[in-house]
Amino acid sequence: DNDDNDSDVKMGTGLMGNGDMALHTKFLPGFLKTRLPWIFEILNEETEKGRGKSGVLGGCGPLVAPALKVLQKVSLISTTSARLVARYLDENLSDGVLRVCLRPLPIRKEDPPQDGPHDSSQVKTKKKKPCRTEAVLLANCLLENEDTAVNTYISKAGNKERKIKPGILFIVLRDGLFTHGLEIFDEKVDADDDYFDAVADILECVRRCLFTSPSINLGNSRLLFDLVSRDPLQHLCRLSAQAPRLTSETTFRDVLAARDFFSNSDGAAENLAIEARRLLFLLLADKSVSPLLLRAEGNQIARSMIRLLEFQSVSLGLQKFIVHCTKQTPFLIRELFRLLTIPDPKKGFDFVAMTNFINTILRKGPSPLECLYFEDRPGTEVTVENVISTLIPAKLKGQSLARSFQNRNSLVQMESFKLVVVVLKRYQLLVTDGLKDYKWSVEFIDKLSSTITQWLPDFQVVLSLRSRYEEQLSSKGG
């Protein structure tokens, strides 16, 4: 008996005998042809064709989650059945159904109990939405087939004018990743670990199947670009901010190689943050696979870097990662300097941290001439504005720099003075290379010098630093 069972398992039929296998073979085609479309009718009815079922929290009836689970099982039977599910999602499902399924429930605040001591853990509650998790798992099952036709169906962005609906993976990376701020990581909120695990799995699958596997490709770079642009980048930045900080033992290179392993006790939410950071760093830094870098989409990448800085502050590990990104693609310097916000010198720590970050980019990042090569296209003339944008952040005005020299905080003064020195050295290097490679005229260099001089603080303000330090030294000596 055991031998018979083993042979059945090897055949992939479990404990089914030959008769059961024949029955299974006859049943499946009929089910896919006549019964499978009913599943999509159930989804349409239980969400009122994408409008949301009235009187039901979240807009999804009780049959939505089981129906999505059935589609998961069907899509895992074979590549053919997965293609059929992907096609029916596109043709038979009403527009808006998947968005209703993936829309998160609000986090509600409830009053603490009247009797007994106040318990802060009871202030916030978040009800779970099973159909949201099942929809994410369905997208993961379809992607796991590693089939170009299926990937094309589920990844397309859609077009309202042409009446083309977006694919399930496209929607998952937007509505499925949407969170109410960072409250999902709040210990006072009842976490939905099943949802966190499902999203972590889909992010890992996207990274592995679409960006790191040489045998899998959509065949259309535009599809990949649309898939990860805009909202997904924002969600990934927000989620990855909760990942453990980069250290000397766990660097950005470990993240890019998916070697940033942590203990299993970190929890589903932190594991989700780790997977989000792995995908985000790949999109920002790996120019061999990132559709954003391949299309020279510097604006989105720079904005994502700014969000990381805002969420995590200017840590040393993050500084090294951003320097690495600018070395890989020097044109990012201009976009990054255009978007950087400079804190007021009165906010001593924030100003020092940001100024130190700028100094690091200028000293350890790409050379100024490398940043200009991207602009050096046929018929394109290098302008003063282009050159200055590789030297000085757009929002770092001379007046702000002058106020930093007059600030009483010695760290603010020292970091500002160091920035002036670094900028002048970088400018000198640029002029030397520009004369040699670009054959810049004397008039052009005079314009550059004039612009740099206007940016510098008044010379008397700089000299006042020396007198102030001399006063401090004399007072200490006395």
Side-chain angles (χ1 to χ4, degrees), residues 234 237-238 241 284 298-327 329-368 371-372 383-427 430 448 450-462 464-465 468:
Q234 295 182 33
C237 287
R238 186 179 295 110
L284 300 184
N299 181 272
Q300 290 194 56
I301 298 173
R303 288 186 183 279
S304 298
M305 291 177 177
I306 298 297
R307 291 189 186 98
L308 285 176
L309 293 172
E310 291 173 349
F311 286 132
Q312 291 191 335
S313 74
V314 191
S315 64
L316 182 60
L318 193 56
Q319 275 192 25
K320 292 180 178 179
F321 172 67
I322 295 179
V323 169
H324 170 77
C325 292
T326 58
K327 283 185 175 180
T329 48
F331 70 86
L332 287 176
I333 287 281
R334 295 185 65 241
E335 291 291 342
L336 189 62
F337 279 6
R338 184 176 63 85
L339 297 171
L340 270 181
T341 299
I342 310 300
D344 191 286
K346 293 180 181 178
K347 300 178 180 179
F349 177 80
D350 293 339
F351 182 83
V352 169
M354 181 57 68
T355 309
N356 178 265
F357 169 69
I358 297 170
N359 280 327
T360 303
I361 291 289
L362 293 176
R363 288 188 296 108
K364 299 183 179 180
S367 70
C371 301
L372 285 177
T383 64
V384 173
E385 290 75 16
N386 287 345
V387 175
I388 295 299
S389 65
T390 68
L391 298 172
I392 307 169
K395 298 177 183 178
L396 183 58
K397 306 297 184 183
Q399 294 177 350
S400 175
L401 197 60
R403 289 199 303 272
S404 68
F405 275 96
Q406 296 169 342
N407 193 286
R408 294 183 179 181
N409 189 326
S410 59
L411 288 177
V412 172
Q413 297 172 2
M414 291 170 58
E415 207 63 43
S416 301
F417 188 76
K418 184 165 52 173
L419 176 62
V420 171
V421 173
V422 170
V423 169
L424 291 178
K425 287 183 176 180
R426 187 174 174 88
Y427 169 70
L430 180 61
L448 287 177
S450 175
T451 305
I452 289 292
T453 303
Q454 291 175 8
W455 172 77
L456 290 172
D458 187 84
F459 192 60
Q460 295 299 324
V461 175
V462 179
S464 67
L465 285 178
R468 271 183 282 174

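- Nearest heavy atom pair, residue S389 against residue R334, reads OG-NE, 2.8 Å.
- Using a 4.5 Å heavy-atom cutoff, the side chains of I452 and I388 are in contact.
- Counting heavy atoms from C-beta outward, F357 and L340 have side chains that approach closer than 4.5 Å.
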Let me have the donor-acceptor pairs involving side chains of residues 300-309, under 3.5 Å, with sequence neighbours excluded, atom names and distances please.
residue: Q300; atom: OE1; partner: R230; partner atom: N; Å: 2.8
residue: R303; atom: NE; partner: N299; partner atom: OD1; Å: 3.0
residue: S304; atom: OG; partner: Q300; partner atom: O; Å: 3.0

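- For the side chain to side chain donor-acceptor pair (under 3.5 Å) condition, the pairs that include at least one residue of residues 416-425, sequence neighbours left out, are S404-S416, E415-K418.
- Taking each heavy atom of I333 and P366 in turn, the nearest pair found is CG1-CG, 3.9 Å.
- The minimum heavy-atom distance between F351 and S400, with the atom names listed, is CE1-OG, 4.5 Å.
- If you take CG on L284 and SG on C237, they are separated by 6.5 Å, rounding to the nearest 0.5 Å.
- Here the side chains of L332 and I322 are not in contact, with every heavy-atom distance at 4.5 Å or above.
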Fill in: side-chain contact (heavy atoms from CB on, under 4.5 Å) assessment of L456 paired with L424
CA-CA 10 Å; L456 290 172; L424 291 178; 4.2 Å; yes

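- Summarising the geometry, atom CE belonging to M414 is positioned 13.5 Å from atom CG belonging to L419; distances are rounded to the nearest 0.5 Å.
- Looking at N407, its side chain does come within 3.5 Å of a backbone N or O of P345 through a donor-acceptor pair.
- Few gaps surround NZ on K395; more than 12 heavy atoms of other groups in view lie less than 6.0 Å from it.
- The minimum heavy-atom distance linking K327 with K364 is given by the pair CE-O, 2.7 Å.
- For the side chain to side chain contact (heavy atoms under 4.5 Å, CB included) with V422, the lone residue among L362, T360, I361, I358 that qualifies is L362.
- T355 is not listed as a side-chain neighbour of L396, based on a closest heavy-atom distance of 4.5 Å or more.
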Practice prompt. Given side-chain contact (heavy atoms from CB on, under 4.5 Å), test V352 with N409 step by step and report yes or no.
Written response: CA-CA 10 Å; V352 169; N409 189 326; 5.6 Å; no

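- In this structure the side chain of I342 never reaches within 4.5 angstrom of the side chain of K397, judged on heavy atoms.
- At least one donor-acceptor pair under 3.5 Å links the side chain of T326 to the backbone N or O of V323.
- We find the CD-CZ distance between E335 and R338 to be 4.5 Å, quoted to the nearest 0.5 Å.
- Note that CG of L401 and CD of Q399 are 11.0 Å apart. Values are rounded to the nearest 0.5 Å.
- Annotation for T390 and P368: closest pair OG1-CB, 4.3 Å, computed over non-hydrogen atoms.
- Summarising the geometry of S367 relative to R426, their closest heavy-atom pair is C-NH2, 3.8 Å, with the distance given to 0.1 Å.
- Rounding to the nearest 0.5 angstrom, the gap separating the CG atom in D350 from the OG1 atom in T341 is 11.5 Å.
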